[in-house]
Amino acid sequence: MLDQNLFINDYEETKRRLTRKRVPVEQIEEIRQAVLDRKTLVGEVDGLRAEVNEKSKQVGVLYQQGRKDEAEELKASVPELKKKLEAKEKEYKEVDDKRLQLLLRVPNLPDDDCPDGFTEDCNVVVRMEGYNESDYEGKEYKPHWEIGEELGVLDAERAAKLSGSMFALLRGDGARLHRALIQFALSINGDRNEEIIPPHFVRPEMMMGTGTLPKFADDAYRFRDDDLWAIPTGEVPLTNLHAGEILSIEELPKRYMAYTVCFRREAGSAGKETRGMQRLHEFHKVELVRLCTPETVKDEYELLISDAERPLKLLGLPYRVLDLCGGDVTFSSTRVHDLEVYSPGTKSWLEVSSIGIFSDFQTRRGNSRFRRSEKDKPELLHSLNGSGLAAPRVWAAVVEHGYQPDGSIRIPEVLVPFMGGQTEIRRS
RNA sequence: GGAGAGGUGGCCGAGCGGUUUAAGGCGCACGCUUGGAAAGCGUGUGUAGGCUUAUACCCUACCGAGGGUUCGAAUCCCUCCCUCUCCGCCA
C-alpha cells in the first residue's frame, strides 16, 4: 500500500509515476479526494467525541459531589450530541473504507530507473550469460517432458490421473534430481541467508501483507472452513515474519531463505505453455527475502540478484537478465529484474526468478518497522525478494541441456554430490 | 475434540462502571550528587491520527481482535483469535 499522503503532498509526481503502470487518472483523483475527505471527517468526529467525553466526565464529577439533579440534566443533553456523532462516524467509516479499498488496489510506484513501456516487449535484456544462438543451430533438442517420459522419470499421465492437468509426478532419478536441486540451492545460499521452514497455510492478513490479496484472490487456494490460504510463494510467510514488530537497526538487514511448496490456481492460463514442468498448480521453490533500511535497499537488490543468479551460473545453464519496463513491473514492486533460463527443448526462455524491490509497500500493510535508535520514531522497513531456485523449470532446463545423444542425462558437476555421486540418469 | 485458567505499556504486575490523563515496580534516558562510580534523589519514558513552523501544547483512538450495553467501559455482555494446564487423539 502506498503512503496516502503522497496523494496530497506529492500529487503530480505520484500521478506521473502511477500512469506508467497504466493506472487511470480518474482513479488517482478519486483516491486523493477520499484521503482529503477522510482527513476532514476525522477532525469533526474527534471534536464531537471530545465533547461527549467532557460531558460524561462532568456527570461523574457531579454525582460524586452529590449534585444529582445537575448530573441528570447534563446526562439528558448527551443523546442529541451522540446522534450527531453517530451520523458523522457513519459518514467517516464510509469514506475511510472507500479510501482503504482504493489504496489496497493501487500498485506501487515504478522506479524511474525502469525502462519505459507497458508490455513485455519493452522489457530490456540487460545481460546474456552463457548463451550463444549458434550453439543451438542445426541441433535437435527434445522438450523435457519427452525426455522425462522416455527415461521414466516424469510421469505426466499418472499426475493427471491423480490430480488433473498442471500437476507433475516425478519418479526415481527424476525425483532425486529435483531433491538435489533444492538441496543445492539451500546449501549455496546458506552463507548469508537464514533458513526458515514456515507454515504453508497463512491467515488472510498475510496474503494482504504481500499484496496478493485483495487483488489476486482468484489465483490462490483458500481453505474455506478455516479461512486460511495456501501460500503461492515463500515470499508470503517470510515477508510477514516481522509484521507488527519493531526491529532494532542492529538486526538489519534480515536475509531469509525458505524452501516451500507453492500453490497457484493459475486461473485463466490453462493450455498456455503448460506442458511438462513449465506451469504447475503446485511446485517447489527456494525463496529469498530481505528486510532492510531504505538506505541499503539498492545494495541489497544487487546482492539479491547475484544470489538468484548463483545457481544458474554454477549449473552452467544459459540465462538472460531482463529489466522489466514500468508497465510490466508487478503490482507490489518498484523495480523488477527477471532471470530467464533458455530452454532448448521448447526454444523459449523460461522465467525462473523474479527479483523485486517493494520499498515500504508491503511492510506498510503488515506494519513491519525498525528503529534507528531509542530516541527515533519507528520507520517502515523495506522489503525485497526473488526466487533462489524455482525447481520445476530449472529441472526442465537441466534435463534438456544435459540430454546426451545416447539417451542419457548428464548431471551438472555441482549437483553430483547432491545426487550421491551419480553423474548421469539412464533408463533403468 | 473435551474441561479449566488467562491475555493490561520494553518487561513484571494492580485495577473489575466515573479525579486512571492505566497505580506500583523493574528496565532505559537525562539531570543532581561524586575525584570517578555505585547507591540515593529528581525528571522523563508507547503507537497511530488530528491541529500546528514544531519531535511543544491541546484533542482523538488504542488494556488480544471485532461488535454491543451505558451519559461514561481496561472493567459488564456477545463473537472470534491466541497462550497455558489437564484429558482424549495422533506422525
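Labels below follow one simple rule: chain letters A, B, ... track the order of the sequence lines, proteins then strands, and each chain is numbered from 1. Every heavy atom of this structure was used, including side-chain atoms; hydrogens, water molecules and symmetry mates were not.
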Exercise for the section: Sticking with atom P, work out how far B/G10 lies from B/A48, rounded to a whole angstrom. Expected result: 12 Å
Exercise for the section: Measure the acute angle between the ring planes of A/His281 and A/Phe167, then classify it against the limits of 30° and 60° as parallel, tilted or perpendicular. Expected result: tilted
Problem - Range on RNA chain B touched by chain A - first to last nucleotide, heavy-atom distance under 4.0 Å - result: B/G18 to B/C82
Handout entry: A/Ser373 side chain to A/Asp376 side chain, donor-acceptor N/O pair below 3.5 angstrom
Key = yes
Handout entry: Pairs meeting criterion ring-ring contact (aromatic ring centres under 6.0 Å, His included) with involvement of residues 361-389 of chain A, two or more places apart
Key = A/Phe331-A/Phe361
Handout entry: Rounded C1' spacing from B/U47 to B/G64 in Å
Key = 16 Å
Exercise for the section: Fit a plane to each ring of A/His284 and A/His178, take the angle between them on a 0 to 90° scale, and name the class: parallel (under 30°), tilted (30 to 60°) or perpendicular (over 60°). Expected result: perpendicular
Fill in the blank from the handout: In numerical order, the residues of residues 54-78 of chain A whose heavy atoms come under 4.0 Å of RNA chain B are A/Ser56, A/Val59, A/Gly60, A/Tyr63, A/Gln64, A/Lys75, A/Val78
Practice task
Using the side-chain hydrogen bond (donor to acceptor under 3.5 Å, both in side chains) rule, collect all pairs that involve residues 193-204 of chain A, keeping only residues at least two apart or in two chains.
Solution key: A/Asn193-A/Arg290
Exercise for the section: Could you give the distance separating B/A22 and B/C12 at their C1' atoms, to the nearest angstrom? Expected result: 15 Å
Problem - Integer angstrom distance from the P of B/U43 to that of B/C51 - result: 34 Å
Exercise for the section: Pick the C1' atom in B/G31 and in B/G50, then give their distance to the nearest Å. Expected result: 34 Å
Completion exercise
Base-paired stretches in RNA chain B with three or more consecutive Watson-Crick or G-U pairs, both distances under 3.5 Å, amount to B:1-7 with B:81-87, B:10-12 with B:24-26, B:27-32 with B:40-45, B:46-50 with B:58-62, B:64-68 with B:76-80
Please table the atom pairs, donor to acceptor, closer than 3.5 Å between any side-chain atom in residues 43-51 of chain A and protein atoms at least two apart or in another chain.
| residue | atom | partner | partner atom | Å |
| --- | --- | --- | --- | --- |
| A/Glu44 | OE1 | A/Lys88 | NZ | 2.7 |
| A/Arg49 | NH1 | A/Glu89 | OE2 | 2.5 |

Practice task
Determine the Euclidean distance between corresponding P atoms of B/G36 and B/U55; express it in Å to zero decimal places.
Solution key: 38 Å
